Asker: 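The structure under discussion is supplied below as structure tokens; questions concerning it will follow.
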Amino acid sequence: MKRIHLAFAFIPLLLLAMRPSEPLQWYKGNTHTHTINSDGDSTPDEVVRWYKEHRYHFLVLTDHNFLTEVKGLNSIFAAREQFLVINGEEVTDSFEGSPIHINGLNLREVVPPQGGSDQVDMLQRNVDAIRGVGGVPHINHPNFRWALTADQMRQVSNNKLFEIYNGAPSVHNHGGGGSPGLEAIWDEILSSGKLIYGIAVDDAHQFKGEFSPDRLNPGRGWVVVQAPRLSTAAIMEGLEAGRFYASTGVSLSDLRADDQGIEISIEEKPTFKYTTYFIGEGGRLLTRVHGLTARYRIQGGKGYVRARVVDSNGYTAWIQPVFVDKDS
């Protein structure tokens, strides 16, 4: 497995996590998928088998308002730390017809939908309930039925993750008709000074029958998390610390990010070409770089820098933002 280094020099906690006695590895996983315990078409065993056979390292099962037991699955699939199943739930709420869905990862118990007086109150109540039973929340598909805005998500505290990409065919990742796409929503939240990390997920429901763009199939979006070991605690810590990248098909061979800049090396697919876009406050394009390596050095100023790598077939990787506060 390739080792990739993230040097977050401005966050001491991450430096502690990267001490030499704990070499870090990269683990590919999906944090949003469904089984027959809600509205999926396959058993938990069948779903886990698909991801393991397709070389993922971990999977979170997130059925709607249901906590699927994973101990038995781990006893079957997790031999010698080769694969990890994590319990989860898609806490599925609704405000005046708008779906308010938040995944809870690594829960001690099921979290009933909490309700609320408006979208922000509902988001906050559900986030707090997930935290209350030891879970890690992430806000799902903001543009599904155009349910959530950047301003609403910006007001939610104690949540560090949201879906920058969801593989379902009707979640409107790119926006349209005057409504912003998820990257524009991300930039609006970041530009307000709030740090939030973008994840990519499948939201898979359909493992049987035809695989096609208009079906809820697996294998479309994932995260690659840096952690010292393949354990639930280590994966959760890596996600909440932003020690990961999100992808729909681009793989990285090296990644370094700190308050000096971002350096990226891309794992080449034969005949593919690559462009890296470095993006700053307000979604402004800072520069673009063609090729297998890209570097952006932060010279000064305030705000953030993030990156997006796009290959010649349209597959994408998103690198998490670095916040800076430097004199010019």
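Worth saying up front: this structure is predicted, and the values here are computed from it rather than measured. One-based numbering along the sequence shown.
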Asker: Do Thr43 and Asp45 have a side chain donor and acceptor closer than 3.5 Å?
Answerer: no

Asker: Rounded to the nearest 0.5 Å, how far apart are OH of Tyr274 and CD1 of Ile266?
Answerer: 7.0 Å

Asker: Specify whether Trp26 and Tyr245 have parallel, tilted or perpendicular ring planes, treating 30° as the upper limit for parallel and 60° as the lower limit for perpendicular.
Answerer: tilted

Asker: Between the side chains of Asp254 and Arg256, is the shortest nitrogen-to-carboxylate-oxygen separation below 4.0 Å, so that they form an ion pair?
Answerer: yes

Asker: Compare every heavy atom of Val310 with every heavy atom of Thr316, then report the nearest pair and how far apart it is.
Answerer: OG1-CG2, 4.0 Å

Asker: Output the distance between atom CZ (Arg125) and atom CD1 (Ile100), rounded to the nearest 0.5 Å.
Answerer: 13.5 Å

Asker: Membership question, hydrophobic clusters at under 4.5 Å side-chain separation (ILVMFWY): are Ile185 and Trp146 in the same one?
Answerer: no

Asker: Say whether Asn158 and Asp128, considering side chains only, have a donor N or O and an acceptor N or O under 3.5 Å apart.
Answerer: no

Asker: Going by atom types alone, do Asp63 and Thr35 pair a side-chain donor with an acceptor below 3.5 Å?
Answerer: yes

Asker: Sequence neighbours excluded, which residues qualify as ring pair (Phe, Tyr, Trp, His ring centres under 6.0 Å) partners of Tyr304?
Answerer: Phe323

Asker: Answer yes or no: is there an ion pair linking Asp187 with Arg284, defined by an N-O contact shorter than 4.0 Å?
Answerer: no

Asker: Please determine if Arg288 forms a cation-pi arrangement with Tyr277, meaning its NZ or CZ atom is less than 6.0 Å from the six-membered ring centre and no more than 45° off the ring axis.
Answerer: no

Asker: Strictly by modelled atom types, are Asp121 and Gln124 linked by a side-chain donor-acceptor pair under 3.5 Å?
Answerer: no

Asker: Rounded to the nearest 0.5 Å, what separation is found between the CG atom of Leu148 and the CE atom of Met122?
Answerer: 10.0 Å

Asker: Examine the side chains of Thr92 and His101 and answer whether a donor and an acceptor come within less than 3.5 Å of each other.
Answerer: no

Asker: Mind telling me whether Phe207 and Tyr51 have parallel, tilted or perpendicular rings, with 30° and 60° as the class edges?
Answerer: perpendicular

Asker: Is it true that atom OH of Tyr315 has more than 12 heavy atoms of other residues, nucleotides or ligands lying nearer than 6.0 Å?
Answerer: no

Asker: Does the side chain of Glu90 come under 3.5 Å of the side chain of Asn140 through a donor N or O and an acceptor N or O?
Answerer: yes

Asker: Taking Glu210 first and then Arg215, would you say they form a salt bridge - that is, a charged N and a carboxylate O separated by under 4.0 Å?
Answerer: no

Asker: Using every non-hydrogen atom in the two residues, find where Thr276 and Ala307 come nearest and quote the distance to one decimal.
Answerer: CG2-CB, 4.3 Å

Asker: Any idea how His205 and His64 line up, ring-wise: parallel (<30°), tilted (30 to 60°), or perpendicular (>60°)?
Answerer: tilted

Asker: Check this for me: does any side-chain nitrogen of one of Lys208 and Glu46 sit under 4.0 Å from a carboxylate oxygen of the other?
Answerer: yes

Asker: For Lys273, look at atom NZ and say whether over 12 heavy atoms of other residues, nucleotides or ligands are found less than 6.0 Å away.
Answerer: no

Asker: Rounded to the nearest 0.5 Å, what's the gap from OG on Ser42 to CD1 on Ile36? Could you check?
Answerer: 8.0 Å

Asker: Please confirm whether Lys28 makes a cation-pi placement over Tyr56, using NZ or CZ under 6.0 Å from the six-membered ring centre and within 45° of the ring normal.
Answerer: yes

Asker: Considering non-hydrogen atoms only, spot the tightest contact between Asn65 and Val111 and give its length.
Answerer: OD1-O, 4.5 Å

Asker: For the pair Phe144 and His141, name the ring-plane relationship: parallel under 30°, tilted 30 to 60°, perpendicular over 60°.
Answerer: perpendicular

Asker: Once you round to the nearest 0.5 Å, how far does CD1 of Ile139 lie from CD1 of Ile199?
Answerer: 10.0 Å

Asker: Between Glu240 and Arg131, does any side-chain N to carboxylate O distance fall below 4.0 Å?
Answerer: yes

Asker: Not counting sequence neighbours, which residues clear ring pair (Phe, Tyr, Trp, His ring centres under 6.0 Å) with His32? List them please.
Answerer: His34

Asker: I'd like to know if the side chain of Asp203 reaches the main chain of Gly167, judged simply by a donor and an acceptor atom lying under 3.5 Å from each other, with no hydrogens or angles considered.
Answerer: no

Asker: Could you tell me the separation between the OH atom of Tyr165 and the CH2 atom of Trp318, rounded to the nearest 0.5 Å?
Answerer: 7.0 Å

Asker: Does a donor on one side chain sit under 3.5 Å from an acceptor on the other, for Thr232 and Asn106?
Answerer: no

Asker: Minimum heavy-atom separation for Ala168 and Leu216, please, with both atom names.
Answerer: CB-CD2, 3.3 Å

Asker: If you take all heavy atoms of Ser192 and Arg154, which pair is closest and at what distance?
Answerer: OG-CD, 3.0 Å

Asker: Is it possible for you to say whether Val60 and Val133 belong to one hydrophobic cluster, with membership spreading through side-chain heavy-atom contacts below 4.5 Å?
Answerer: yes

